[in-house]
Amino acid sequence: MTKQGKFTKSYAHELLRIAKQDLDSAQFLSQQKGLRVENVFLLAQQALEKGLKAVLCWHEAPVPFVHEIGVLVAKIEALNIVVPFGFDLNSLSEFATVRRYFEGKEDWVPEDVIQILTHVDKAIQWCQSQVT
């Protein structure tokens, strides 16, 4: 990343590697007993955020310093690139912001966690397909 805050094109591949590692960590953590599910979702959000930022880097577009998935999707779509999952995963943004500071009160079932991680995995695969 440059001092001006713009991620360089060459950084896109590194960001994708980190994104995949974050997703791998989320998947590993999801298999543990007694976990705080919000931490799984935080890692999933971070993976997706980095994947989307890698796409912006690759296209040499400014990368905003935000955690909002919707903002990043909108920036990519402004480049006339259709993001196939659109804003479907925007709800993960709250796990990188306000949900980090609250104890989980929702009863997540394992199927919910698997579904979210599967969607994020497909989204990361799409990001990888954009950075060639």
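Note that the structure is a prediction, hence the values are computed from the model and not measured.
Summarising the geometry, atom CG belonging to Asn39 is positioned 11.5 Å from atom OG belonging to Ser25; distances are rounded to the nearest 0.5 Å. To the nearest 0.5 Å, atom CG of residue Leu43 and atom CG of residue Leu117 are 9.5 Å apart. Atoms CD1 and CD, from Ile18 and Glu49 in turn, are 11.5 Å apart once rounded to the nearest 0.5 Å. Between the CD1 atom of Ile81 and the CH2 atom of Trp58 there is a distance of 12.0 Å, given to the nearest 0.5 Å. Note: Ser10 OG to Leu15 CG = 10.0 Å, rounded to the nearest 0.5 Å. With values rounded to the nearest 0.5 angstrom, Lys75 atom NZ is found 15.0 Å from His59 atom NE2.
In the hydrophobic clustering of this structure, Val71 groups with Leu79; members are Ile, Leu, Val, Met, Phe, Trp, Tyr whose side-chain heavy atoms approach within less than 4.5 Å, directly or through other members. When the side chains of ILVMFWY residues are joined at heavy-atom separations under 4.5 Å, either directly or via intervening members, Phe65 and Leu92 end up in a single hydrophobic cluster.
The neighbour count for Phe87 CZ, taken as heavy atoms of other residues, nucleotides or ligands under 6.0 Å away, is above 12.
Contact detail for Ser30 and Leu35: the closest heavy-atom pair is O-CD2, 3.6 Å. When every heavy atom of Pro64 is checked against every heavy atom of Leu72, the shortest pair comes out as CG-CD2, 3.8 Å. Closest approach of Gln46 to Ala96, counting heavy atoms only: NE2-CB, 4.2 Å. Nearest heavy atom pair, residue Ala26 against residue Ala44, reads CB-N, 4.0 Å.
Residues passing the side chain to side chain donor-acceptor pair (under 3.5 Å) test with Ser93, sequence neighbours excluded: Asn90.
Using a 4.5 Å heavy-atom threshold, the side chains of His119 and Asp88 count as separate. Trp108 is listed as a side-chain neighbour of Glu38, based on a closest heavy-atom distance under 4.5 Å.
Between the side chain of Gln45 and the main chain of His67, a donor-acceptor pair closer than 3.5 Å is present.
Between Val83 and the options Val55, Ile69, Ile76, a side chain to side chain contact (heavy atoms under 4.5 Å, CB included) holds for only Ile76. Of the candidates Leu52, Thr8, Val63, Cys57 forms a side chain to side chain contact (heavy atoms under 4.5 Å, CB included) with just one, namely Val63.
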Anything under 3.5 Å between a donor and an acceptor, one on a side chain of residues 120-128, the other on a protein residue two or more places apart or in another chain? List them.
{"from": "Asp121", "atom 1": "OD2", "to": "Gln125", "atom 2": "NE2", "distance (Å)": "3.1"}

